[in-house]
Number of protein chains: 2
Amino acid sequence: MSDLLERLRGRGWRMTAQRRVVAEVLDGEHVHLTADEVHARAVAKLPEISRATVYNTLGELVSLGEVLEVATDKRAKRYDPNAHRPHHHLVCAQCGAIRDVHPTGNPLADLPDTERFGFTVSDVEVTYRGVCPNCAAA
Amino acid sequence: MSDLLERLRGRGWRMTAQRRVVAEVLDGEHVHLTADEVHARAVAKLPEISRATVYNTLGELVSLGEVLEVATDKRAKRYDPNAHRPHHHLVCAQCGAIRDVHPTGNPLADLPDTERFGFTVSDVEVTYRGVCPNCAAA
DNA sequence: TCCTACAATGGACATTGTCTAAGTCAAGCA
DNA sequence: TGCTTGACTTAGACAATGTCCATTGTAGGA
């Protein structure tokens with residue numbers, strides 16, 4: 001079973017069927033589902049799960065730092081379970097496919113003090129956009 | 001008057017009071033309004049302008065490349081008229097304030113071929129997050 | 001000035017997300 | 001094992017943002 005469930009239990013998270021299902025749906029590499037997609041897949045495993053529970057659970061996973069919210073799509077938030085390895089995203093402008101990528105260099109270092117306007121900068125989010133091989137072939 | 005209106009007219013854009021008002025609202029540096037804010041300000045100048053028109057006009061300005069859509073906020077799209085000077089964004093995690101910034105270096109070059117998965121990468125969007133001086137003082 | 005294609009209107013609808021009141025249940029404990 | 005309790009879940013109303021469409025209005029050319 002997934003490490004995620006272990007970690008959550010270790011943190012005193014009360015385990016319920018609903019939470020287990022949501023955690024199971026969010027498992028694997030290059031998984032970037034919208035809340036609605038998570039709900040759809042959760043319903044397939046546990047038909048009576050409600051939308052509110054999915055939203056609540058996703059929100060908790062995010063505040064626990066186990067899942068990342070990413071805003072590559074402009075419509076809906078997406079949830080990325082790959083929270084323990086810093087990475088950025090590569091998005092196909094046509095079909096919306098998303099890949100995790102690991103650029104070299106540190107973009108934080110590229111922002112000189114004069115461009116910080118007194119902000120305390122703690123984080124950076126990079127989204128590359130392009131066309132994926134499938135769409136390029138079509 | 002603004003260059004924007006000149007450019008649009010030069011492209012054969014049909015000029016109407018509504019479009020003029022939207023273009024006027026979107027003028028200046030560090031302007032990052034939501035569609036709703038644009039509508040509110042447009043209504044102040046032209047009370048009978050409708051929401052649909054604001055959305056349509058914003059959409060057209062974006063496809064003409066005169067305005068950028070930015071997704072710094074997770075709720076609503078924001079519109080950035082500073083489309084002719086490439087730049088990125090610095091966002092306050094607390095109050096949501098947004099500044100345009102110009103990092104050194106080219107993040108596109110930081111993505112090695114092995115991390116491109118066959119994509120043709122054409123664009124990169126960088127969002128720095130931190131705390132602004134106002135919020136830090138509070 | 002008149003025409004006509006294009007733009008604007010307003011209101012219904014769609015999508016995404018949040019909230020609440022009431023019912024349910026996991027986990028600790030005797 | 002069987003309570004107890006507080007956290008969890010539910011359904012559905014509501015809110016915010018965005019889209020669509022049929023109708024009405026109008027900018028700009030003939």
Side-chain angles (χ1 to χ4, degrees), chain A residues 5-6 8-26 32-43 45-64 66-80 96, chain B residues 1 5-6 8-26 32-64 66-80 96:
Chain A
L5 290 177
E6 284 311 308
L8 293 173
R9 198 183 287 275
R11 295 208 201 186
W13 217 47
R14 183 163 150 186
M15 191 50 57
T16 67
Q18 292 80 355
R19 289 176 166 191
R20 184 174 9 259
V21 165
V22 170
E24 281 171 6
V25 166
L26 283 174
H32 305 89
L33 299 169
T34 63
D36 217 48
E37 287 164 350
V38 172
H39 180 235
R41 297 192 188 196
V43 163
K45 297 182 178 213
L46 186 69
E48 58 279 6
I49 195 172
S50 80
R51 238 157 42 90
T53 298
V54 171
Y55 277 101
N56 289 341
T57 306
L58 288 173
E60 281 165 37
L61 288 171
V62 169
S63 30
L64 289 172
E66 294 291 346
V67 164
L68 294 178
E69 258 178 29
V70 298
T72 56
D73 187 307
K74 292 196 167 129
R75 275 215 314 282
K77 296 177 195 170
R78 290 181 174 273
Y79 294 88
D80 182 344
Chain B
M1 192 63 340
L5 291 178
E6 284 310 307
L8 294 173
R9 198 184 285 276
R11 295 207 201 186
W13 216 46
R14 186 161 148 184
M15 191 50 58
T16 66
Q18 290 81 354
R19 288 176 167 192
R20 182 171 15 255
V21 165
V22 171
E24 282 170 7
V25 167
L26 284 173
H32 305 90
L33 300 169
T34 64
D36 219 48
E37 288 163 350
V38 172
H39 180 233
R41 298 194 187 194
V43 163
K45 297 183 179 214
L46 187 69
E48 59 278 7
I49 193 171
S50 81
R51 236 158 44 90
T53 297
V54 170
Y55 276 101
N56 288 342
T57 305
L58 288 172
E60 281 166 37
L61 288 171
V62 169
S63 28
L64 289 171
E66 294 292 345
V67 164
L68 294 177
E69 256 178 31
V70 298
T72 55
D73 186 308
K74 290 192 168 131
R75 275 215 315 283
K77 296 177 195 169
R78 291 183 173 272
Y79 293 88
D80 182 344

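Quick note on labels: first sequence line is chain A, next is B, and so on, each numbered from 1. Predicted model, so just to flag it, every value in this text is computed and none were measured.
Using a 4.0 Å cut-off, some side-chain N or O of A:Thr53 falls inside it from OP1 or OP2 of D:dT10. The shortest distance between the side-chain N/O atoms of A:Gln18 and the OP1/OP2 oxygens of C:dT24 is not below 4.0 Å.
Note: CG (A:Leu33) to C1' (C:dT16) measures 16 Å, nearest angstrom. For B:Glu48 and C:dA7, the CD to C1' distance is 14 Å, given to the nearest whole Å. Across the protein-nucleic acid pair, A:Arg19 atom CZ and D:dT10 atom P stand 11 Å apart, rounded to whole Å. At whole-Å resolution of the value, CG in B:Leu8 and P in C:dA7 are 12 Å apart. Between the NE2 atom of A:His39 and the C1' atom of D:dT9 there is a distance of 12 Å, given to the nearest Å. Protein atom CG of A:Leu61 is 14 Å distant from nucleotide atom C1' of D:dC8, rounded to whole Å.
Here the CG atom belonging to A:Leu58 is positioned 5.0 Å from the OH atom belonging to A:Tyr79, to the nearest 0.5 angstrom. If you take CH2 on B:Trp13 and CG on B:Leu61, they are separated by 4.5 Å, rounding to the nearest 0.5 Å. Atom CG of residue A:Asn56 and atom CZ of residue A:Arg51 lie 11.5 Å apart, to the nearest 0.5 angstrom.
Remark: B:Ile49 engages B:Gln18, B:Val22, B:His39, B:Ala42, B:Val43, B:Leu46, B:Thr53, B:Val54 in a side chain to side chain contact (heavy atoms under 4.5 Å, CB included) (not counting sequence neighbours). With sequence neighbours left out, A:Glu69 forms a side chain to side chain donor-acceptor pair (under 3.5 Å) with no residue at all. Looking at residues two or more places apart in sequence or on another chain, you find a side chain to side chain contact (heavy atoms under 4.5 Å, CB included) between A:Thr34 and A:Asp36, A:Glu37, A:Ala76, A:Arg78. For A:Arg41, there are no side chain to side chain donor-acceptor pair (under 3.5 Å) partners two or more places apart in sequence or in a different chain.
The main-chain N or O of A:Arg14 is found under 3.5 Å from a side-chain atom of A:Arg19 such that the two form a donor-acceptor pair.
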Each nucleotide of nucleotides 14-23 of chain D classed B (base within 4.0 Å of a protein heavy atom), S (only sugar-phosphate) or -, in 5' to 3' order, makes ---SBBB---
Its contact letters, B for base, S for sugar-phosphate only and - for none at protein heavy atoms under 4.0 Å, make nucleotides 25-30 of chain D read BBBS--
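For the pair B:Glu66 and B:Leu8, the tightest heavy-atom approach, listed with the atom from each and the gap, is CG-CD2, 4.0 Å.
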